[in-house]
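Chain naming here is simple, since letters A, B, ... match the order of the sequence lines and numbering starts at 1 in each.
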Amino acid sequence: MITLSYVTSVIIFCIGLYTIMARRNLFKTVLGLALMESAILLIIVSSGYIPGGVPPIEPFMGPAVNPLPHAFTLTAIVIGASDIALALAFIIKLQRHYRSVDLDRIRGLRG
Amino acid sequence: MTLVLAIVVPLVAAFLIPVFHLARKTLPVSLIGIMGLISLSASMAAAYAGWFSPEVSLLGGWAPEIGIVLVADRLSSAFLLITGIGSGAALACALEKFGGGPWRFYAIFFLLLGSMNGILLTGDLFNLFVFYEIFSVAAYLLVAFSMSWQALEAGLKYLVLGTIGALFILLGTAFTFMATGILNMALLSEALVSVPRETLTAISACLVLGLTIKTGAFPVHFWLPDAHSSAQTAVSALLSGVLVKVSIYALMRVCFLFFLETNGTVFLAITVIGSLSALGGHLMALRQDDIKRLLAYSTVAQIGYILIGVGCASAAGAAAAVFHSFNHMLMKMGLFIAAGNVSDEKGTREICKLTGLWKEKPFWVLGFTVLSAAIVGIPPLNGFMSKWFIILSSAGAGTVIPALVIAAGTVISAAYYLRVLSAFVSPGESDQEDPFKSSPRKVRSKIVSLTIVGSFAMFCLALGIMAFSPFSREYFSSIGRTAVDVGAYVGLVTGR
């Protein structure tokens, strides 16, 4: 089961990276960033998993899962949300200027 | 305690500025100046404490295995000094240009200051990532602050590439945690020795790739010229002078602690990236017409020089890299401030139109000349000395090609800086009497910026001469020895 989640996260990561590199639409770029981030978070969360583990809340009934990755994930979610919110804000501003979110039409800074 | 204050004081200032703005609409310049002075003296206090007696601060009193530690040794102190001088100069320029009006700008600025100190002081890998992201978000906002379409586009480009870099750093951190179960950098440097070779390769690839993207080295430098040229003058100077150095610190710290004994290939990769950056940056700078883009590509090349120094994996190389970082901060900030002010007054950034400046503004041109001579590497100036030390340590490490790359890059950089200077001193259109042309636009004289450029130019000369004395050389090589002495760092953090 843990292998399955690792494989899933690798696939999602690759899809995200492919989306950023291959798509010309800025919204799809942001979606790619969000996908990559979710894939990494999935890896971190699954690394704390123990088969048959219980929630790490006192009193423990058996081996508890590692709570540290969960804390990382929460922090990383907040950071990722702020990155993506900022990216969307930039895209909205750019769309008002160019009337487009296509990267081929937004080419003020080439060269 | 001083270490915590260096992070907390700028963050408090960043929080207080919006509060003051709510109370009264315009902020007095003196208030922001005082906040800046207090924040900078807090970071200088941390630098001082770290320089003379390496200091460790366990947050909340937790042991290093489970808690977050802040560490200041000589390497952190040197970079704290670089960021302190650089951000102080940038703040002074911004205050002169904008006054107390844009409160958002200053709030972001202090946020950036606090997160930079956090990166320089933290001894915890995940905490490094968190501070790095605060730092990056503040940097994206500063790039896009003027809200012109160039700035927004540059900010978005920086954001997308910066986030990809951050995600690779996060992936590397996650792999490290999965392999060892700890995040303290000192303990990791011991634990990574027993990690399987394949895992170590994955960890080092993720961390080095992420940090390289954030640094702006050549193959992944696309964001850097746009971001550095589209931002306002004070921000460009800050980006080129200070932010790049913080990324280089993170790269140095992570690579020296984790991979010095375990994975020597990392340093070969850094040397290759550095050589590519040096050549690529100089060649791209040669064909720029926009003066700020030219300076930005020159930054890419100088990052390459610093990375070549880091890639030597020796105390001498690290010391040369830190010395060149310091020099590059002085030279490139001065150049950006001078170029920004001159082109603002002329109303154009195209080099061929920036003519006749020698007659109009001799002091600016003089400052620009000294600083560009320093960055090209004319012997008594500091740029020559640090390049010379990098070449020496690179040849000492047995790799001659990077040394040759530096020498070739010097020739190319001389070509394009001379092109700028020849435009500056050539007689301009204003020489011909044109009755229809109005007198030059009235622009407030920029005494503070001029003073900064002048003092940085003097500093360049002084550092170049100082580098001849064995006493000051000893100071710089002690930074290099601290950087590569992993055992001392581990002993410092764990208290063994």
- Item | side chain to side chain contact (heavy atoms under 4.5 Å, CB included) between A:D83 and B:Y140, worked out | CA-CA 10 Å; A:D83 272 340; B:Y140 310 146; 3.8 Å; yes
- Could you walk me through whether A:F90 and B:Y158 pass the ring-ring contact (aromatic ring centres under 6.0 Å, His included) test, one step at a time? CA-CA 11 Å; A:F90 284 166; B:Y158 187 9; 10.0 Å; no
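- In this structure, CG in B:L171 is found 5.0 Å from CD1 in A:I43, a value given to the nearest 0.5 Å.
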- Task: Verify side chain to side chain contact (heavy atoms under 4.5 Å, CB included) between A:T29 and B:L156, making sure each step is shown before the conclusion.
- Result: CA-CA 11 Å; A:T29 308; B:L156 184 65; over 6 Å; no
- Task: Test side chain to side chain contact (heavy atoms under 4.5 Å, CB included) on A:E37 and B:T163 and set out the steps.
- Result: CA-CA 9 Å; A:E37 194 210 331; B:T163 309; over 6 Å; no
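- Residue B:F126 touches chain A through its side chain alone, counting heavy-atom pairs closer than 4.5 Å.
- When heavy atoms are compared at a cutoff of 4.5 Å, A:L33 approaches chain B by way of both its backbone and its side chain.
- Dense packing is recorded around CZ of A:F27, with more than 12 heavy atoms of other residues, nucleotides or ligands lying under 6.0 Å away.
- The most heavy-atom pairs under 4.5 Å with chain B, out of A:N66, A:L41, A:I91, A:T75, come from A:T75.
- Checked against a 6.0 Å centroid threshold, the rings of B:F129 and A:F72 do not count as neighbours.
- The choice from A:A87, A:A39, A:A89 that makes the most heavy-atom pairs within less than 4.5 Å of chain B is A:A87.
- A:L26 touches chain B through its side chain: at least one heavy atom from C-beta onward sits under 4.5 Å away, while N, CA, C and O do not.
- In this structure, chain A has a heavy atom under 4.5 Å from the side chain of B:L183, while its backbone stays farther away.
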- side chain to side chain contact (heavy atoms under 4.5 Å, CB included) between A:Y98 and B:W149: does it pass, once the steps are laid out? CA-CA 9 Å; A:Y98 286 101; B:W149 61 266; 3.0 Å; yes
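- Atom CE in A:M36 sits 5.5 Å away from atom CD1 in B:I164 (nearest 0.5 Å).
- To the nearest 0.5 Å, atom NE2 of residue A:H97 and atom CD of residue B:Q150 are 8.0 Å apart.
- For the atom pair B:L170 CG and A:I40 CD1, the distance stands at 5.0 Å (nearest 0.5 Å).
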